[in-house]
There are 2 protein chains.
Amino acid sequence: MISTMTSREMERWGLFEITLEGPAEGNPYKDVSLEASFRYGHRTITVSGFYDGEGIYKIRFMPDTEGEWQYETKSGTAELNGHSGRFVCSKPGSGNHGPVRVKDALRFQYEDGTPYRPFGTTCYVWTHQDEALQRQTLSSLAQSPFNKIRMCLFPKRYSFNLNDPEHYPFAGSREGGWDGERFNPVYFAGLEARIEELQRLGIEADLILFHPYDKGHWGFDRMSAAADDYYLRYVIARLSAYRNVWWSLANEFDFMKEKTMADWDRLFRIVQEEDPYQHLRSIHNGTKMYDPSELSIYDHSKPWVTHVSMQYWELTPATAWRKLYKKPIVVDECCYEGNLPQRWGNITGEEMTARFWDGFMRGGYVGHGETYLNDEEIVWWSKGGRLVGESPERIAFLRSVLEEAPAELEPLEGFRDAPTVGVEGRYYLQYYGIHRPAYRELPLPEEASFRIEIIDTWNRTVTPLEGLFSGKTKVVLPARPYMAIRARAVD
Amino acid sequence: MISTMTSREMERWGLFEITLEGPAEGNPYKDVSLEASFRYGHRTITVSGFYDGEGIYKIRFMPDTEGEWQYETKSGTAELNGHSGRFVCSKPGSGNHGPVRVKDALRFQYEDGTPYRPFGTTCYVWTHQDEALQRQTLSSLAQSPFNKIRMCLFPKRYSFNLNDPEHYPFAGSREGGWDGERFNPVYFAGLEARIEELQRLGIEADLILFHPYDKGHWGFDRMSAAADDYYLRYVIARLSAYRNVWWSLANEFDFMKEKTMADWDRLFRIVQEEDPYQHLRSIHNGTKMYDPSELSIYDHSKPWVTHVSMQYWELTPATAWRKLYKKPIVVDECCYEGNLPQRWGNITGEEMTARFWDGFMRGGYVGHGETYLNDEEIVWWSKGGRLVGESPERIAFLRSVLEEAPAELEPLEGFRDAPTVGVEGRYYLQYYGIHRPAYRELPLPEEASFRIEIIDTWNRTVTPLEGLFSGKTKVVLPARPYMAIRARAVD
């Protein structure tokens, strides 16, 4: 729920909104300046307001500290200047853990310290579809294991996605021309409603700010630098107070030939400077995925990149990237489960599940997408709708296995031949993927006793071995793919 | 069959052998020099002889030109000097196409121009096993699709292979010490019999000259440079006249920490200089397989390397390596079909078959090995024996598909999203591997008519589509893995 000026109490990391009336003439998006300072003790945070059409101006704020906050607006326009007030920030409600932060080179966590592991999916333009379809998507997400969704602000024109949306971010039309200096508040109100619904479902909205699936059809992929910046500032002013927002500068940025690396750097820095809450920031590649030394790969070690959002069609480099970038590695696209003609869109549920396990067992994170053809041409990866694939319930199983594991879990590189995460001396989880050893020897510590379980990651079974084990232990396995072994020390 | 001095006629690429009696005292291996010049018209080839024990000296020669050859021996030892004679080199017998040569950056061919595509397997020390097991291996090979085998000259000590061989290349014993200056002719006679039997089966013997699976147990992996060179010259003098011999300088050379890159270069150059027939030369890596720019990878662009013999556990880089080295790429180890605990030895038959198809469809060649555990601990990859896996019959199917294809087949990189080989305008073969598109659009030329077949590479079926096709053609596929499409122009 969004609080407005009338609320005098606001949960921590909730959205506090000030609504003001002001001039509607001229171009208020451009002509009118508005900001507000929010003060807690000696600390002051200044946030930008925005014009919401029809003479309405808004300022949104996400308080991060419990206690009393005071605010005061500032504007060159008298009607909007000098509004002040106060509110009390209370404990966060149930399920509200604050925004997701990078904890260290391996991990994310919510601001309240709760561990967060991204189990993402992709529905690029689900918010550009009709209401019924958007409802169906939300209902599918509610039953899914996914806690992050990649989604585009701009509409998409691409195979299996040629329908025009009802609303666009900008005023105007394709036929009559866009007014790059005026936004469309109806579009943004719809988007914001979806972001809030995702928030209620515990899902992070990984917002893709630019993308190439336009090719000049609408032209949003080839606006001027000034227009890009103007758009970005408006988006940040409107959306950054939603705690579940992430910024993905672009999808497949390297396919956007109109922009240079310097453009991406500039856009990153605008986001970094404008967002008062420092939401997570990334950029996602198209090709150029093979070799981290490839020059055309965005250099994820730049300080404004919070984590690596990679597309990669195999799995091996997660370890290399972790060492190169020292930031959490999210393989946001690893091919999609489905049957499209394109290589990236036709892997099996087994393969998708294996890529999740493999990536997580190497200390990375993997994202999902689904691309099954159907008569309605409603493909999840683009429009949302229904999930029909075999991997989501297996991804849910992986998520449950990891949620039972210690938060300090890390990749253990001393284990050869199979990716392994664990906490030395306490917990080991080793995954074999397409490999199917008839047995494995686990080098367990001598000083502790372990329970061992054989996990079938595809059939979602956990089979405990009888007894307790210490030291080098031979574990006989069913010689079929997709097995894992878990060893947990007995307290 | 080996000809001796008494033969006056010899098939082209057969083995002509001169046997002489000489001194047995001292160390004839070291003390006695012997060579022979073979002359055809104005062309003279000088080959080294070797001591075969018991006062017997031999000189072996593989004639490459039909017609009359003359020879004369030369030695510092009077009894061996000045023996001369002549023989007539006749047409090669059936199935004798001469040694395999590199044809171009992509291809091998026999010296008579017959195309050769390596379909290799691996039985590292099958010639170090007992007679019955060697017979069984030969019988298995005879029924297999394999036309190349990787095999070691030195015995191997490794998991699942701890039995000692009956004979060793050197005189002496592990307990009593090896005489690094005397060889063991019994060992070599056994090996040569096997090379001849392989020859009769149409199988190239990819002889591994050094390997690390000794770790000082016998010490053959850590001999002095002088001892290495001495051994190498003897091996070449004995074996190079067998037309089906290839030289693999080492297996997993990078695990032999006692040797430097300079050692490998020197050994390569000895082989290059000593082998009168210039058999194929390669070297095989252990790890360091990921990145071709990795410094510790042997630089296969060196002039004495005829082709690339790579170990790699994934498939993608075949294309990159082809471009880097401009030599044929043989992925001689891509993991083995089986169920060993080790990662390299436990892939499924499906995966092995897919790796073959994928590699061949990228313009490379892939090698097989089998590693199923059994009570007798006779694992094919090491000792030979029986083949029990699921991939050999599928590899046979791939081989038959390729043998029906034009010899000019090459990777067609204009085809996106799935590796494709073909001859532009005439023939296309595209493979989908683990991907399973519901349909594909083939951009066939407009100017020709094509028959299209759907190939199930796992079930070994070829299903023709009805009719003829030209131009962009949509082909509906069963949406399951391991499918291929073949399109052949109608003459």
Side-chain angles (χ1 to χ4, degrees), chain A residues 159 287 289-294 312-317 319-320 335-352 354-355 371-374 379 415-419 430-442 474-483 485, chain B residues 159 287 289-294 312-317 319-320 335-352 354-355 371-374 379 415-419 430-442 474-483 485:
Chain A
S159 313
T287 54
M289 57 187 76
Y290 178 64
D291 179 358
S293 70
E294 185 97 46
Y312 193 71
W313 293 351
E314 315 291 337
L315 277 167
T316 319
T319 307
C335 294
Y336 301 125
E337 180 184 342
N339 61 359
L340 293 195
Q342 293 89 344
R343 176 185 159 89
W344 47 259
N346 56 28
I347 62 171
T348 60
E350 286 90 338
E351 184 68 22
M352 174 60 88
R355 289 176 183 210
T371 46
Y372 282 100
L373 291 171
N374 52 48
V379 184
F415 286 79
R416 285 174 59 119
D417 276 1
Q430 185 169 75
Y431 174 64
Y432 307 107
I434 61 163
H435 297 274
R436 38 88 187 258
Y439 66 87
R440 288 282 299 182
E441 277 174 350
L442 276 192
K474 180 172 174 173
V475 180
V476 174
L477 289 161
R480 61 173 187 266
Y482 312 132
M483 306 302 294
I485 295 178
Chain B
S159 313
T287 54
M289 56 187 76
Y290 178 65
D291 178 359
S293 70
E294 185 98 45
Y312 194 71
W313 293 350
E314 315 289 340
L315 278 168
T316 320
T319 308
C335 293
Y336 301 125
E337 181 186 340
N339 61 0
L340 293 194
Q342 293 88 346
R343 175 187 160 89
W344 47 259
N346 56 29
I347 63 170
T348 59
E350 286 91 338
E351 184 68 22
M352 174 60 89
R355 288 174 183 209
T371 45
Y372 282 100
L373 292 171
N374 53 47
V379 184
F415 286 79
R416 285 173 58 121
D417 274 2
Q430 185 169 75
Y431 175 64
Y432 307 106
I434 60 163
H435 297 275
R436 37 87 187 259
Y439 68 86
R440 287 283 297 182
E441 278 173 349
L442 276 192
K474 180 172 173 174
V475 180
V476 174
L477 289 162
R480 60 173 187 265
Y482 311 133
M483 307 302 296
I485 294 178

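Heavy-atom distances place no part of Tyr432(A) under 4.5 Å from chain B, backbone and side chain included.
Applying the side-chain hydrogen bond (donor to acceptor under 3.5 Å, both in side chains) criterion to Tyr336(A), with sequence neighbours excluded, gives Tyr124(A), Arg150(A), Glu333(A).
Expressed to the nearest 0.5 Å, how far CD of Glu337(A) lies from CZ of Arg436(B) amounts to 6.0 Å. Taken to the nearest 0.5 Å, the CG atom of Leu340(B) stands 12.0 Å off from the NE2 atom of His435(A). From Tyr439(A), atom OH reaches atom CG of Leu373(B) across 5.5 Å, with rounding to the nearest 0.5 Å.
Heavy-atom pairs under 4.5 Å with chain A were tallied for Gly433(B), Ala479(B), Pro341(B); the largest tally goes to Pro341(B).
Nearest heavy atom pair, residue Thr348(B) against residue Ile434(A), reads CG2-O, 4.3 Å.
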